[in-house]
Amino acid sequence: ETRRVWAAHGDHVLERVERVRDPLQRGENIEACLATLDAELDNVRAALERFFEGDPEKGCRLANALVEYWDVRSRLTEGRMWLQQALARQGVSAEQRAHALLNAARLGSVQGDLQGGRELAEASLSAYAALGDERGRVNALMALGNILATLKDEAAATEAYERGLAIQQRLGTDEVVCAMFYNNLATVHHDRQQLDAAREMGRRALAIFRQRGHRIGQYHVLGTLGRVAFSAGQLDEAQALLDESLALRRAVGNKTGVAFTVHNLGQVAATRGEVNRARALFTEGLTLAREIEHGHLTLLNLGGLAQLCDDA
């Protein structure tokens with residue numbers, strides 16, 4: 001009897017999580033989706049534990065369905081732990097394993113584990129190819145491109161993005177996915193100091209995200225455009241874009257993004273000679289980065305504080 005009760009409980013949790021996953025991925029009703037998952041978090045953890053004891057396929061499904069929540073809420077360590085459990089279990093379908101490889105790559109790379117993330121992304125790409133899953137290949141190429149871009153391998157990142165975008169365009173007209181690729185390509189153009197091309201790609205992405213009401217996409221591309229404006233010496237524009245990105249990130253509790261964005265705003269303030277404001281921003285970013293165990297963001301914000309000391 002107890003086993004049947006736990007099975008029913010787990011199925012109920014899985015159904016609720018999968019029901020809010022799709023609107024969260026589409027950037028719709030973000031606060032309501034996040035609030036639902038926040039309220040269910042203890043039940044989710046209990047269901048994951050039970051599933052991995054007796055039904056690893058459902059455990060993997062549940063872990064995969066939660067990846068957007070873990071990413072936006074910056075619960076990266078916990079998300080990676082559950083996905084690692086999913087990948088360690090026998091009895092998981094090839095489809096769910098491919099998703100788990102991709103999602104572990106995403107969360108690992110967001111937390112700064114770039115080499116591990118690259119290996120997982122490449123494994124997911126191979127897994128999706130074996131399954132003939134073209135949409136899966138698109139997502140894997142996007143994740144791999146993000147990692148390569150962070151590793152400063154701009155040529156390989158561009159190749160991954162362009163391959164993924166070509167597949168997506170062949171599959172249909174999901175403008176949001178295309179906009180994600182445009183934003184990612186804008187980032188690569190920025191890193192190459194191709195600022196006009198970066199601005200054009202970023203604005204194309206932002207127009208789509210605004211039209212679709214996709215606020216997660218908006219805060220990403222606003223940050224990209226803010227960095228482009230800063231590199232172009234347009235400090236007022238950079239400030240406005242980064243402030244808008246920061247407000248959207250704060251609204252959904254995206255601590256990773258907040259830590260990154262306040263670092264960028266700290267650079268703007270430091271360039272303007274606003275030392276106290278810059279110090280406060282870098283300190284906030286450092287505090288958040290340590291809280292979410294993000295090594296790269298910790299170093300970025302420490303570097304900002306160190307530069308203020310050097311310039312004093």
Side-chain angles (χ1 to χ4, degrees), residues 1-25 33-131 133 135-136 139-140 143-144 147 253-256 291-294:
E1 180 65 29
T2 300
R3 189 171 298 176
R4 284 198 298 272
V5 170
W6 273 111
H9 170 266
D11 289 343
H12 171 73
V13 171
L14 178 59
E15 188 272 334
R16 281 181 64 80
V17 171
E18 290 186 331
R19 191 164 64 236
V20 300
R21 172 195 56 198
D22 292 341
L24 187 55
Q25 288 177 336
C33 292
L34 294 173
T36 295
L37 295 175
D38 286 338
E40 290 283 351
L41 194 53
D42 288 342
N43 289 326
V44 164
R45 288 167 174 156
L48 283 164
E49 289 179 0
R50 290 286 179 170
F51 278 146
F52 283 128
E53 289 173 1
D55 194 338
E57 175 73 5
K58 287 184 178 178
C60 193
R61 273 178 60 191
L62 182 54
N64 284 323
L66 286 159
V67 70
E68 298 293 339
Y69 172 75
W70 283 322
D71 187 6
V72 174
R73 280 292 197 238
S74 298
R75 296 182 180 273
L76 305 173
T77 299
E78 179 177 7
R80 293 175 72 190
M81 181 269 291
W82 289 117
L83 288 164
Q84 286 163 4
Q85 287 204 39
L87 291 169
R89 294 296 194 276
Q90 300 295 320
V92 173
S93 67
E95 178 184 14
Q96 288 299 320
R97 180 174 177 79
H99 295 333
L101 287 166
L102 171 61
N103 291 329
R106 285 181 55 193
L107 296 185
S109 63
V110 169
Q111 200 169 26
D113 182 8
L114 298 177
Q115 292 299 338
R118 180 175 183 172
E119 292 172 7
L120 289 164
E122 289 171 342
S124 75
L125 184 58
S126 296
Y128 284 126
L131 289 166
D133 185 341
R135 294 192 184 279
N139 293 329
L144 180 59
I147 293 165
N254 179 225
K255 294 180 181 179
T256 307
E291 179 183 336
I292 61 177
E293 301 177 310
H294 198 301

query = Is there a donor-acceptor contact under 3.5 Å from the side chain of N64 to the main chain of Q96?
reply =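 Flag set: sc N64 to bb Q96 pair under 3.5 Å.
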
task = Quick one: list whatever passes side chain to side chain donor-acceptor pair (under 3.5 Å) with E291, sequence neighbours left out.
result =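 Testing E291 for side chain to side chain donor-acceptor pair (under 3.5 Å), a comparison that skips the adjacent residues, returns K255.
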
In terms of side-chain geometry, is the basic nitrogen of [X] or [Y] positioned less than 4.0 Å from the acidic oxygen of its partner?
X: R106; Y: E68; result: yes
X: R50; Y: D55; result: no
X: E15; Y: R19; result: yes

Over all heavy atoms of both residues, which pair between [X] and [Y] is shortest? Give the atoms and the distance, please.
X: V92; Y: A86; result: CG2-O, 3.8 Å
X: C60; Y: A100; result: SG-CB, 3.9 Å
X: L131; Y: A98; result: CD1-CB, 4.1 Å
X: P56; Y: Q90; result: CG-O, 3.2 Å
X: L48; Y: A63; result: CD2-N, 3.9 Å
X: I147; Y: L114; result: CG2-O, 3.5 Å

[atom1] of [X] to [atom2] of [Y]: how many Å apart, nearest 0.5 Å?
X: N103; Y: L87; atom1: CG; atom2: CG; answer: 9.5 Å
X: R21; Y: L62; atom1: CZ; atom2: CG; answer: 10.5 Å
X: L101; Y: S124; atom1: CG; atom2: OG; answer: 6.0 Å
X: L37; Y: W70; atom1: CG; atom2: CH2; answer: 10.0 Å
X: Q25; Y: Y69; atom1: CD; atom2: OH; answer: 15.5 Å
X: T77; Y: I292; atom1: OG1; atom2: CD1; answer: 8.5 Å

query = With sequence neighbours left out, which residue pairs that include part of residues 84-98 fulfil the salt bridge (charged side-chain N to carboxylate O under 4.0 Å, His left out) condition?
reply =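 Residue pairs with at least one partner in residues 84-98: there are none.
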
query = Which residues pass the ring-ring contact (aromatic ring centres under 6.0 Å, His included) test with Y128, sequence neighbours left out?
reply =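 ring-ring contact (aromatic ring centres under 6.0 Å, His included) list for Y128, sorted by chain: H99.
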
Listed partners of H12 passing ring-ring contact (aromatic ring centres under 6.0 Å, His included), at least two apart =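 Result, ring-ring contact (aromatic ring centres under 6.0 Å, His included) vs H12: none returned.
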
message = My understanding is that only residues two or more places apart in sequence, or in another chain, count here; which of them pass salt bridge (charged side-chain N to carboxylate O under 4.0 Å, His left out) with R73?
response =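 Applying salt bridge (charged side-chain N to carboxylate O under 4.0 Å, His left out) to R73 gives D38.
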
inquiry  = Restricting to salt bridge (charged side-chain N to carboxylate O under 4.0 Å, His left out), what partner residues turn up for R45, sequence neighbours left out?
reply    =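 Partners of R45 by the salt bridge (charged side-chain N to carboxylate O under 4.0 Å, His left out) criterion, ordered by chain and then number, come out as D42, E78.
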
Contact check, side chains of [X] and [Y], non-hydrogen atoms, under 4.5 Å:
X: E293; Y: L76; result: no
X: D11; Y: F51; result: yes
X: L107; Y: L83; result: yes
X: L14; Y: K58; result: yes
X: R75; Y: L41; result: yes

message = Pair L102, L120 - check side-chain contact (heavy atoms from CB on, under 4.5 Å), show working.
response = CA-CA 6 Å; L102 171 61; L120 289 164; over 6 Å; no

ask   = What do the steps show when you test V13 against H9 for side-chain contact (heavy atoms from CB on, under 4.5 Å), and what is the final call?
value = CA-CA 6 Å; V13 171; H9 170 266; 3.9 Å; yes

